[in-house]
Protein chains: 2
Amino acid sequence: MEDYCLDELDYAILKILQTDSRITYDDLGKKLHRSKTPIFERVKRLERLGYIDSYVTLINYTKLRECLMSYISVKLTDHSIEALQDFATNACALPEVMECAHLTGGTDFLLKVVTKNMEHYNEFLFRKLGKLPNIANLNSSIVIGQNKSSPVIPF
Amino acid sequence: MEDYCLDELDYAILKILQTDSRITYDDLGKKLHRSKTPIFERVKRLERLGYIDSYVTLINYTKLRECLMSYISVKLTDHSIEALQDFATNACALPEVMECAHLTGGTDFLLKVVTKNMEHYNEFLFRKLGKLPNIANLNSSIVIGQNKSSPVIPF
DNA sequence: CGTCAAAACCGAATTAAATTCTGAAACAAA
DNA sequence: TTTGTTTCAGAATTTAATTCGGTTTTGACG
């Protein structure tokens, strides 16, 4: 892997692409006072070097179908590296789990979970997540309203 | 706004677009055994009707620069609708806040926050978030490892 | 300073994709 | 069946992505 230190143009490109992955190279060039060629080459380099992970589409799920979102904090009984890793692997494999983070402090993991409704949520909690080994304690909080959810990282 | 009930083809399109917003209509059509014309028209309709929110780029922020992620649970002193709404508005306006959810249970809000490092985090906590009105209590958990973070919603 | 090599850039040329257009097939209501 | 509507495929066109050739900029080195 090359070593390459991003310059201001690279940062500017990433900043714009973060909120619009379908902008044309021409328009991107106009915003950044360059022709499309260098912009194109830089985007390809950012992809190649792994600064760009993926291009995704955000869909309006609440409009699409009923949707229940919740956060679940998880405590484990065993805190060995293997046990922690195992839990993470198992939890991440569940499609309802949109986020899984290993935390400092009282709880070991925080999960963000999406299901269709309370019935599916119960099903998920007791039949899937609850059946994973090594769980001491699960604590759910249901999302009443999602005020912000943005993949855009501040610069 | 038209009323329109999505069919299986629409769902299939959304499912694929969720993980790849730059696939060509031609390729999308091949996956779904259609020519690109109907696929194109359906995507435009999904955009028009608001099922598709946006096309975004996910960047590898940890590769880009140092990065500290944390979850902060917030309790307020005043639980009137206005106070709740005010807090949400103020918190969402902070660029460090990537997610802001209003929860059931003991805590009122859960925030996902990104800063460059502990110094910036303290700055954020005491100078920005902590200065918002009506906060009873803030409880931070630092993310040791992010095992999954996906905008892909299960179908 | 000049010289050289590498990298970045621009504009034109080409290739590929998006978008539009035309008409055929499927479907539903009368 | 007839009629109107929707969906679709394939061709035609427009627009964008990608490649190419050559110029400018930049930075190392004598």
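Reminder, nothing fancy here: chain letters follow the sequence lines and each chain counts from 1.
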(message) Near DNA chain D, counting only heavy atoms under 4.0 Å, which residues of residues 15-33 of chain A show up?
(response) A/Thr24, A/Tyr25

(request) Answer with yes or no after comparing the ring centroid distance for B/Tyr55 and A/Tyr55 against a 6.0 Å cut-off, counting only values under it. (result) no

(message) Tell me the interatomic distance from B/Glu8, atom CD, to D/dT7, atom C1', rounded to whole angstroms.
(response) 17 Å

(message) Atom NZ of residue position A/Lys148 - does it have more than 12 heavy atoms of other residues, nucleotides or ligands inside 6.0 Å?
(response) yes

(message) With side chain to side chain donor-acceptor pair (under 3.5 Å) as the test, pick out the partner of B/Asp108 among B/His102, B/Lys75, B/His79.
(response) B/His79

(request) Would you check if A/Ile135 and A/Thr77 make a side-chain contact, meaning some heavy-atom pair closer than 4.5 Å? (result) no

(request) Answer with yes or no whether the side chains of A/Ser73 and A/Asn139 bring together a donor and an acceptor at under 3.5 Å. (result) no

(message) Would you compute the distance between atom CD of A/Glu123 and atom CG of A/Leu129 and round it to the nearest 0.5 angstrom?
(response) 13.0 Å

(message) On the six-membered ring of B/Tyr25, is B/Arg42 placed so that its NZ or CZ lies under 6.0 angstrom from the centre and within 45° of the ring axis?
(response) no

(message) Whole angstroms only, please: what is the CG-P distance between B/Leu9 and D/dT6?
(response) 17 Å

(request) Provide, to the nearest angstrom, the distance between the CZ atom belonging to B/Phe40 and the C1' atom belonging to D/dA11. (result) 16 Å

(request) Rounding to 10 degrees, work out the angle separating the end axes of the helix from C/dC1-D/dG30 to C/dA30-D/dT1 (five pairs an end). (result) 40°

(request) Starting at atom CG of B/Asp7, determine the distance to atom C1' of D/dT7, rounded to an integer number of angstrom. (result) 10 Å

(message) What is the separation between atom CD1 on B/Ile39 and atom P on D/dG10, rounded to the nearest whole Å?
(response) 13 Å

(message) I want to check one thing: is the phosphate of D/dA16, taken as OP1 and OP2, less than 4.0 Å away from some side-chain N or O of A/Lys36?
(response) no

(message) For A/Lys128, I'd like to know if atom NZ has over 12 heavy atoms of other residues, nucleotides or ligands within 6.0 Å.
(response) yes

(message) A/Ser140 vs A/Ser70, test: side-chain hydrogen bond (donor to acceptor under 3.5 Å, both in side chains). Steps then yes/no.
(response) CA-CA 7 Å; A/Ser140 302; A/Ser70 64; 5.7 Å; no

(message) For a 4.0 angstrom threshold against heavy atoms of chain B, report the outermost contacting nucleotides of DNA chain C in 5' to 3' order.
(response) C/dA17 to C/dC21

(message) Could you check whether A/Ser21 and B/Ser21, counting side-chain N and O atoms only, form a donor-acceptor pair closer than 3.5 Å?
(response) yes

(message) I'd like to know if the side chain of B/Thr24 pairs up with that of B/Asp26 as donor and acceptor (distance under 3.5 Å, no hydrogens or angles considered).
(response) no

